[in-house]
Amino acid sequence: MPDALDVDAVVAQLTLEEKASLTMGSGFWYTAAVERLGVERILVSDGPHGLRAQPAGHSDGGDHLGIGGSVPATCFPTASGLASSWNPEAFRAVGRALAREARAGGVAVVLGPGVNIKRSPLCGRNFEYLSEDPYLAGALATAAVQGTQSLGVGTSLKHYAANNQEGDRLRVSAEVDDRTLREIYLPAFEAVVTDARPWTVMCAYNRINGTYASEHHWLLTEVLRDEWGFEGLVVSDWGAVHDRVAALAAGLDLEMPPAVGVSDVAVVEAVRAGTLEVEVLDEAVRRVLRLVERSRPAMEAGGTFDVHEHHALARTVAHESAVLLKNDGGVLPLRPAAGARVAVIGEFARTPRYQGAGSSQVNPTRVDIPLDELSAAFGTGVTVDFAPGFLLNSVEDDDALLVEAIATATDADHVVVFLGLPVQSESEGFDRTTMELPANQITLLQRISAVSDSVVVVLVGGSTVQLSTWDHRAAAILNCWLSGQASGGAVADLLTGAANPSGKLAETIPIRLEDNSSFLNFPGDPGVVRYGEGVFVGYRGYDKAVVDVSYPFGYGLSYTSFSIGDVSASVSGSVADGDLSVAVIATVTNIGSVAGAEVVQVYVGDLESEVARPVRELKGFVRVGLEPGASTTVTVHLDERAFAYWSVRLGRWAVEAGEFEIAVGSSSRDIADQVVVSIDAPSVAAPLGVDSTLHEWLADDRGRELLSGAPGSGTILQDPELIKIVGTFPMSSLAAFGQMGWSRDQLDQLIAAL
């Protein structure tokens with residue numbers, strides 16, 4: 001076992017060239033070593049939903065992009081699926097499993113999770129992200145990081161920040177205002193950093209308001225370190241560094257992969273020329289060395305993992321990831337009688353798509369085939385007939401396959417159709433251009449629904465698809481997302497009732513793409529994308545615009561039913577004292593006939609605000625499992641931040657005094673009960689001055705008092721119609737008119753009196 005790493009002593013002995021080398025990797029997946037001082041290299045690996053390690057010397061080798069040739073690992077549901085569980089414990093369990101596999105493979109840091117917000121349904125990497133809501137994304141990612149790091153393996157929170165599209169992702173500038181950044185695109189990062197302390201944070205490829213994320217001092221140092229207290233290492237996304245010296249100065253500690261002979265030379269020359277302080281370089285080196293040091297216990301201990309146990313976990317969390325969107329007439333679960341015939345249609349049943357493409361692609365330890373698992377679940381007394389129905393590599397109708405599928409479905413007792421997005425439709429590296437399913441799959445469903453009035457659709461894919469053009473043709477729709485290597489067994493469990501669907505949508509499914517608030521600004525113009533929708537992302541936008549949706553955020557059915565009631569809220573503490581707390585209490589009851597799980601969701605809305613705010617925002621949730629007839633009371637605690645907005649004028653979070661509506665329900669649009677609480681808070685209005693408007697003076701108690709006592713002001717103050725017309729004028733402008741009852745000198749006297 002190596003001696004303990006004395007970081008300061010090592011830094012003192014390093015040459016300038018060695019320091020520069022430590023702030024960049026030594027290969028695609030390894031940090032640099034300094035053998036003479038006992039500093040070893042460590043291995044990092046992709047792994048948001050399964051380890052994708054390519055250790056040196058692995059027999060399969062790796063490709064030049066670092067995507068292929070990884071060692072076998074458990075492939076869990078992708079983030080878009082697992083997020084639908086709304087279950088932090090599931091994320092912790094998967095995090096621990098990833099850590100066990102990482103330790104067995106000598107991996108010190110797993111590169112994930114990704115918490116970028118789903119601004120548009122078209123982002124090609126949405127399968128790898130959690131939600132359109134920052135609170136939900138932050139809560140789930142926090143659990144994932146805690147799970148992995150509890151076993152001594154690091155994580156890398158990514159991609160920081162405003163990386164919400166694949167189009168031109170290495171160059172595009174996300175033009176986004178401060179309030180939108182603070183309320184939508186940064187809170188998930190903030191929650192994970194402050195609550196889970198990830199070992200590393202990975203910067204994004206893109207620019208933010210003109211500055212590359214890798215060179216963004218405000219993001220990497222002022223916000224991440226100074227405000228949030230991050231003490232770990234900042235690593236680049238692979239290839240995100242454009243100017244190594246500028247990136248170091250901004251707070252980026254480790255460049256991956258290394259631009260050997262370029263970045264190291266630039267750093268050495270900058271230090272010698274005095275354009276980069278050696279203290280800045282030294283601090284980056286210390287962070288790299290601390291990462292090596294904290295990795296040692298797990299790497300030295302090594303470990304093994306139970307392949308079968310991890311596969312079983314993958315199956316369990318796949319159960320929780322599935323969202324039952326529709327179940328007309330209780331067609332599900334399927335319980336065919338002996339002698340019945342079940343038609344299984346769709347190539348995905350035989351050739352499952354269970355994971356995303358690109359840098360998160362996993363080499364699974366095994367893969368369950370849905371068709372085989374369904375046959376086994378139904379048993380020998382039930383006949384299962386299969387027809388592929390369509391080709392995965394084409395969008396064109398195949399007449400022979402259609403004829404075969406129709407014949408297979410005709411007169412079947414049950415018909416299950418597997419539809420979804422083929423691998424070429426979504427991946428890291430490009431965005432989708434449509435939300436539609438491939439045309440040949442739509443045709444297949446049309447033909448099958450003509451011969452069966454109880455079609456069950458199993459939907460696979462990492463992103464939301466448009467359902468409004470075809471969901472009327474299905475009696476039931478089970479959205480399984482990309483649910484990992486055990487997806488085949490999980491879907492068989494769900495369809496037969498061995499498992500009860502409990503997933504809730506972590507993103508809205510709109511009626512059409514054009515309804516999404518980012519539609520006019522995605523993917524943007526050459527080199528720039530404007531976040532013109534501001535804070536109205538996802539359900540915040542649909543609700544504010546009063547737009548109908550196919551299925552709302554937080555929605556999901558079950559084979560049982562729940563009621564939520566007896567909602568109450570009690571306020572304690574205060575904004576002024578910094579200890580405001582609101583306890584929201586609700587009772588949830590399983591009023592159905594089978595055991596199941598419900599997610600009690602708590603939303604907050606400001607009934608009157610000086611800024612445009614969403615109708616309601618998710619601020620808390622509890623997932624509870626209940627037996628039939630059972631009831632339980634849940635409590636969600638809301639702090640001051642749950643009621644706050646980012647005040648650009650004040651440069652901080654602010655709570656306006658007044659009434660807030662607390663809505664509790666099973667989705668953002670299925671509100672079971674709501675209560676109104678009154679929050680007292682100091683004024684957030686700007687100090688009155690000569691540029692304050694007449695409205696602002698009259699809205700301030702002291703300002704109105706002074707105006708009322710000013711000679712000559714009585715006329716205007718007694719004319720409501722005139723106030724409507726000139727109320728938005730600054731007081732200085734009104735004084736210049738000379739007919740409003742006060743002069744500029746008198747206005748100065750009023751200001752002095754304040």
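- Note: His49 and Phe76 fail the aromatic proximity criterion, with ring centroids not under 6.0 Å apart.
- No side-chain donor-acceptor contact under 3.5 Å links Thr434 and Glu436.
- Using a 3.5 Å distance cut-off with no hydrogens or angles, the side chains of Gln146 and Arg92 do pair a donor with an acceptor.
- Relative ring orientation between Tyr531 and Tyr185 is described as perpendicular, the plane-to-plane angle rising above 60° on a 0-90° scale split at 30° and 60°.
- Of the candidates Glu507, Lys118, Glu426, Glu426 is the only one forming a side-chain hydrogen bond (donor to acceptor under 3.5 Å, both in side chains) with Ser463.
- Note: Trp653 and Trp646 have perpendicular aromatic rings, judged against thresholds of 30 and 60 degrees for the angle between ring planes.
- Within 6.0 Å of CD on Glu231 lie no more than 12 heavy atoms contributed by other residues, nucleotides or ligands.
- Atom CZ of Arg171 sits in a sparse spot, with 12 or fewer heavy atoms from other residues, nucleotides or ligands closer than 6.0 Å.
- Counted by atom type alone, Ser131 and Asp133 present zero donor-acceptor pairs between their side chains at under 3.5 Å.
- Side-chain atoms of Asp471 and Tyr551 form a donor-acceptor pair, as typed in the model, at a separation below 3.5 Å.
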Could you walk me through whether Trp199 and Thr155 pass the side chain to side chain donor-acceptor pair (under 3.5 Å) test, one step at a time? CA-CA 6 Å; Trp199 290 9; Thr155 59; over 6 Å; no
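- For the 3.5 Å distance criterion, the side chains of Ser84 and Trp481 qualify, holding a donor opposite an acceptor.
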